[in-house]
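These notes are about the structure you will find just below.
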Amino acid sequence: MAGLKQVQRQTGVALWRQIADRIREAISSGAYDETGMVPPETVLALQFGVNRHTVRSALAALAQDGIVRAVQGRGTLIERKERLNFPITRRTRFTAGIGDQAREMRSLLLDEATEEATAEVARWLGLSQGEPVIRLETLRHADKRPVSKATSWFPAERFIGIGEAYRKHESITKAFAELGLSDYVRATTEVTAAHANTADLADLELTPGAILLIAKAMNTDLDGVPVQYSISRFAADRVQFTIEN
């Protein structure tokens, strides 16, 4: 059990949530690959210096998220669900990237608004702060399981109607094509990790303490003019990134 980080008391984060995070990390790193089982509750309780009830709450949260499963008479089994591999390339596209890894893919438009560009959005899109942009909130499913949630901004003057086009095609690429942009490329991608907030937990059907991979990205047309800035949140238990040149 080497490598498990100790929990910290009085941090504002519940002990069971911290323990669930540590077990997630251990599973992801292959710490339990030899047995395929999470250690017994008594062992984990001793390791983390907590009672068995706290450990049980952590395992229940992981079970709800489909990461582990209690097996009568055996213990807690790790569910072997392969992550979807999502390549980040010069022409990153969600549907093409997932490809034949999923039988069915759906994309939902959760919200649409025209608003003034904040300093951050303006910087990424090469606009002046306060210029109008269109914001789309989208949610993508693979085989009926939510995989990513994204907030995207587009220059409003150039992409009037992109919300309706996305709703119709369930694709940014096809929405762009309908509005006259036949091709675009990925200029920048920045990836970080963070805990899911309340809204993301609900939309991505995750349990408290779940980790997200967060990709900030900027796409441009073939002349290098920014056309989209997005912040995409991926469930780390379901997706891995591959950076391709």
Side-chain angles (χ1 to χ4, degrees), residues 5 13-14 16-33 36 38 57-70 76-89 92-111 135-152 166 170-172 186 189-217 228-244:
K5 300 176 184 177
V13 180
W16 68 265
R17 183 176 300 180
Q18 295 184 55
I19 292 168
D21 283 352
R22 303 299 187 268
I23 296 173
R24 286 174 192 271
E25 292 170 6
I27 291 172
S28 295
S29 66
Y32 309 135
D33 281 357
V38 174
S57 295
L59 294 176
L62 295 173
Q64 184 178 337
D65 210 25
I67 298 171
V68 301
R69 174 168 55 89
T76 304
L77 179 71
I78 297 169
E79 293 280 38
R80 296 297 180 186
K81 291 186 177 179
E82 295 295 328
R83 290 187 177 94
L84 296 170
N85 183 55
F86 186 68
I88 297 177
T89 68
T92 297
R93 308 289 191 264
F94 183 87
T95 301
I98 298 300
D100 59 3
Q101 298 176 76
R103 295 181 299 276
E104 177 188 359
M105 285 182 281
R106 288 295 314 276
S107 297
L108 304 175
L109 180 61
L110 302 178
D111 190 31
R135 173 178 53 80
L136 301 185
E137 303 281 350
T138 58
L139 181 66
R140 294 181 181 272
H141 290 75
D143 291 335
K144 303 186 186 305
R145 193 166 59 145
V147 172
S148 72
K149 181 182 175 185
T151 305
S152 300
Y166 183 87
E170 298 187 4
S171 163
I172 292 293
R186 174 64 56 88
T189 304
E190 298 177 359
V191 179
T192 57
H195 284 96
N197 62 28
T198 302
D200 290 335
L201 289 176
D203 289 330
L204 291 171
E205 298 176 10
L206 300 171
T207 55
I211 304 297
L212 299 180
L213 297 176
I214 302 175
K216 288 187 176 183
Q228 177 189 10
Y229 166 51
S230 63
I231 302 175
S232 300
R233 284 87 74 198
F234 294 82
D237 292 328
R238 301 169 190 169
V239 174
Q240 65 182 18
F241 293 152
T242 301
I243 311 299
E244 299 180 0

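For clarity, every value in this text was computed on a predicted model and none was experimentally measured.
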Supply the atom-to-atom distance [X] [atom1] to [Y] [atom2], rounded to the nearest 0.5 angstrom.
X	Y	atom1	atom2	answer
Leu77	Tyr32	CG	OH	13.5 Å
Arg238	Leu212	CZ	CG	10.0 Å
Asp200	Ser148	CG	OG	10.5 Å
Gln240	Leu213	CD	CG	9.5 Å
Arg140	Ser232	CZ	OG	8.0 Å
Leu108	Leu139	CG	CG	5.5 Å

> Does the pair Val38 and Leu62 meet the rule for a side chain to side chain contact (heavy atoms under 4.5 Å, CB included), with working shown?
Replying inline: CA-CA 11 Å; Val38 174; Leu62 295 173; over 6 Å; no
Looking only at heavy atoms, what is the nearest atom pair of [X] and [Y], with distance?
X	Y	result
Ala58	Trp16	CB-O, 3.3 Å
Asp21	Ala210	OD1-N, 4.4 Å
Ser152	Gln228	OG-NE2, 3.2 Å

>> Under the criterion side chain to side chain contact (heavy atoms under 4.5 Å, CB included), I'd like the reasoning laid out for Asp111 against Leu136: C-alpha separation, chi angles, the key distance, then a yes or no.
In response: CA-CA 6 Å; Asp111 190 31; Leu136 301 185; over 6 Å; no
Validation row: [X], [Y] side chains within 4.5 angstrom (heavy atoms):
X	Y	result
Lys149	Thr138	no
Ile211	His195	yes
Ile88	Arg186	yes

> Picking from Asn197, Thr151, Val147, what satisfies side-chain contact (heavy atoms from CB on, under 4.5 Å) with Arg233?
Replying inline: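 The side-chain contact (heavy atoms from CB on, under 4.5 Å) with Arg233 is passed solely by Thr151 among Asn197, Thr151, Val147.
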> So, does Glu170 use its side chain to make a donor-acceptor pair with the main chain of Ser107 at under 3.5 Å?
Replying inline: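 The answer is yes, because a donor-acceptor pair under 3.5 Å joins these two groups.
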> So, Asp143 side chain and Glu104 main chain: donor-acceptor pair closer than 3.5 Å or not?
Replying inline: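 Flag set: sc Asp143 to bb Glu104 pair under 3.5 Å.
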>> For Ile214 and Val191: C-alpha separation, side-chain torsions, deciding distance, then whether side chain to side chain contact (heavy atoms under 4.5 Å, CB included) applies.
In response: CA-CA 5 Å; Ile214 302 175; Val191 179; over 6 Å; no
> Using 30° and 60° as the class limits, which term best fits the ring planes of Phe241 and Phe234: parallel, tilted or perpendicular?
Replying inline: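 Geometry flag for Phe234 against Phe241: perpendicular rings.
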> Does a sphere of radius 6.0 Å around CD in Gln64 hold more than 12 heavy atoms from other residues, nucleotides or ligands, not counting ones at 6.0 Å or beyond?
Replying inline: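 At most 12 heavy atoms, drawn from other residues, nucleotides or ligands, come within 6.0 Å of this atom.
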>> If you apply the rule side chain to side chain contact (heavy atoms under 4.5 Å, CB included), what do you find for Val68 with Ile27, and how did you get there?
In response: CA-CA 10 Å; Val68 301; Ile27 291 172; 3.9 Å; yes
